[in-house]
Peer 1: 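Sharing a structure here in structure tokens format.
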Amino acid sequence: AEAGRRIRGELEAAGFEGRTAAELATVAPGAPVSEIAEFLVRESTAIRVGKDRYYTRAHLEEAVGKVLAAVRMDGLATPSQLRATLGLTRKYLIPILEWMDAQGLTVRDGDARRATQP
């Protein structure tokens, strides 16, 4: 239970950057971090992006909302424009954009993204 609280707290603190399972292991040494993180995904508290980066549902939904707003404003948005919107480096931004593409929220158009629905 304590490890779960620490992992949740770390995900809250991570914001739009999220945390990998390895990063979460530093706050709960010896705990089955991947199992706890996947439990949070199953209970819809967290969302896994890619192989092992986790976000709180609230943070990822907020990031998605900001990306979609920026994309809809101009019709297209490049990663460099979206970096400024979320305050993230490409290291953290690109996995979110790829996840959004996989979810059908955006589609890649050259180097830019466009929303799939107006």
Side-chain angles (χ1 to χ4, degrees):
E2 179 59 29
R5 280 192 290 279
R6 288 182 182 190
I7 289 169
R8 282 186 178 141
E10 184 63 18
L11 288 176
E12 281 292 329
F16 296 150
E17 291 182 3
R19 291 290 184 260
T20 63
E23 292 167 337
L24 292 172
T26 64
V27 298
V33 172
S34 292
E35 291 175 26
I36 294 169
E38 286 301 318
F39 171 77
L40 296 175
V41 170
R42 285 190 306 275
E43 74 170 12
S44 294
T45 302
I47 297 173
R48 181 175 23 88
V49 170
K51 292 179 186 175
D52 77 338
R53 184 164 292 278
Y54 297 90
Y55 298 83
T56 64
R57 176 170 291 283
H59 283 126
L60 189 59
E61 287 176 352
E62 181 181 353
V64 166
K66 288 183 175 198
V67 167
L68 289 175
V71 168
R72 287 179 178 137
M73 187 180 338
D74 294 325
L76 289 172
T78 63
S80 62
Q81 292 168 315
L82 297 170
R83 276 192 350 240
T85 299
L86 295 178
L88 295 174
T89 64
R90 288 181 65 87
K91 172 184 175 179
Y92 299 107
L93 176 65
I94 297 301
I96 292 173
L97 295 178
E98 289 174 349
W99 180 84
M100 290 178 68
D101 293 344
Q103 299 300 306
L105 300 169
T106 56
V107 66
R108 190 170 176 177
D109 188 351
D111 188 38
R113 296 298 197 291
R114 63 181 167 80
T116 56
Q117 297 183 7

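This is a predicted model, so every value here is computed, not measured.
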Peer 1: Has Arg57 got a side-chain atom pairing as donor or acceptor with Ser44's backbone, closer than 3.5 angstrom?
Peer 2: yes

Peer 1: Is there a path of hydrophobic side-chain contacts, each under 4.5 Å between heavy atoms, that joins Phe39 and Val33?
Peer 2: yes

Peer 1: In the structure I gave you, are the side-chain heavy atoms of Ile7 and Leu40 within less than 4.5 Å of one another anywhere?
Peer 2: yes

Peer 1: With Glu43, which residues qualify under salt bridge (charged side-chain N to carboxylate O under 4.0 Å, His left out), at least two apart?
Peer 2: Arg8

Peer 1: Rounded to the nearest 0.5 Å, what separates atom CZ in Phe16 from atom CG in Leu93?
Peer 2: 11.0 Å

Peer 1: Any heavy-atom pair between the side chains of Val64 and Leu68 that's under 4.5 Å?
Peer 2: yes

Peer 1: Enter the distance from Met100:CE to Leu60:CG here, rounded to the nearest 0.5 Å.
Peer 2: 8.5 Å

Peer 1: Got a second to check how far Arg19's CZ is from Thr56's OG1, nearest 0.5 Å?
Peer 2: 11.5 Å

Peer 1: Does the side chain of Val67 reach to within under 4.5 Å of the side chain of Leu86, using non-hydrogen atoms?
Peer 2: yes

Peer 1: Restricting to side chain to side chain donor-acceptor pair (under 3.5 Å), what partner residues turn up for Glu38, sequence neighbours left out?
Peer 2: Arg48, Tyr54

Peer 1: Do Leu11 and Thr45 have side chains that approach each other closer than 4.5 Å (heavy atoms only, starting at C-beta)?
Peer 2: no

Peer 1: Please check if the side chain of Glu61 supplies one atom and the backbone of Ala58 the other of a donor-acceptor pair under 3.5 Å.
Peer 2: no

Peer 1: So, do Asp52 and Ser34 sit near enough that their side-chain heavy atoms are less than 4.5 Å apart?
Peer 2: no

Peer 1: Would you check if the side chain of Gln81 reaches a backbone N or O of Thr78 as a donor-acceptor pair within less than 3.5 Å?
Peer 2: yes

Peer 1: Using side-chain heavy atoms (C-beta onward) and a distance below 4.5 Å, is Ile96 in contact with Leu88?
Peer 2: yes

Peer 1: How far does CD of Glu12 sit from NE2 of His59, to the nearest 0.5 angstrom?
Peer 2: 5.0 Å

Peer 1: Going by an N to O cut-off under 4.0 Å, is there a salt bridge joining Lys91 and Glu17?
Peer 2: no

Peer 1: Going by the rule side chain to side chain donor-acceptor pair (under 3.5 Å), which residues pair with Arg90 if we only count those two or more places apart in sequence or in a different chain?
Peer 2: none

Peer 1: Within the structure provided, determine whether Glu62 and Lys66 are in side-chain contact (heavy-atom separation under 4.5 Å).
Peer 2: yes

Peer 1: Please list, chain by chain and in numerical order, all residues satisfying side chain to side chain donor-acceptor pair (under 3.5 Å) with Glu35, sequence neighbours excluded.
Peer 2: none

Peer 1: Do you know which two heavy atoms are closest between Ala115 and Val71, and how far apart they sit?
Peer 2: N-CG1, 3.2 Å

Peer 1: To the nearest 0.5 angstrom, please state how far the CD1 atom of Ile94 sits from the CZ atom of Arg83.
Peer 2: 9.0 Å

Peer 1: Kindly write out the residues that satisfy side chain to side chain donor-acceptor pair (under 3.5 Å) with Gln117, not counting sequence neighbours, or none if the list is empty.
Peer 2: none

Peer 1: Is it possible for you to say whether Leu24 and Val49 belong to one hydrophobic cluster, with membership spreading through side-chain heavy-atom contacts below 4.5 Å?
Peer 2: no

Peer 1: Can you give the donor-acceptor pairs under 3.5 Å from side chains of residues 101-108 to other protein atoms, not counting sequence neighbours?
Peer 2:
unit_1	atom_1	unit_2	atom_2	d
Asp101	OD1	Thr106	OG1	2.5
Asp101	OD1	Arg113	NE	3.1
Asp101	OD2	Arg113	NE	2.8
Asp101	OD2	Arg113	NH2	3.0
Thr106	OG1	Asp101	N	3.4
Arg108	NE	Gly110	O	2.9

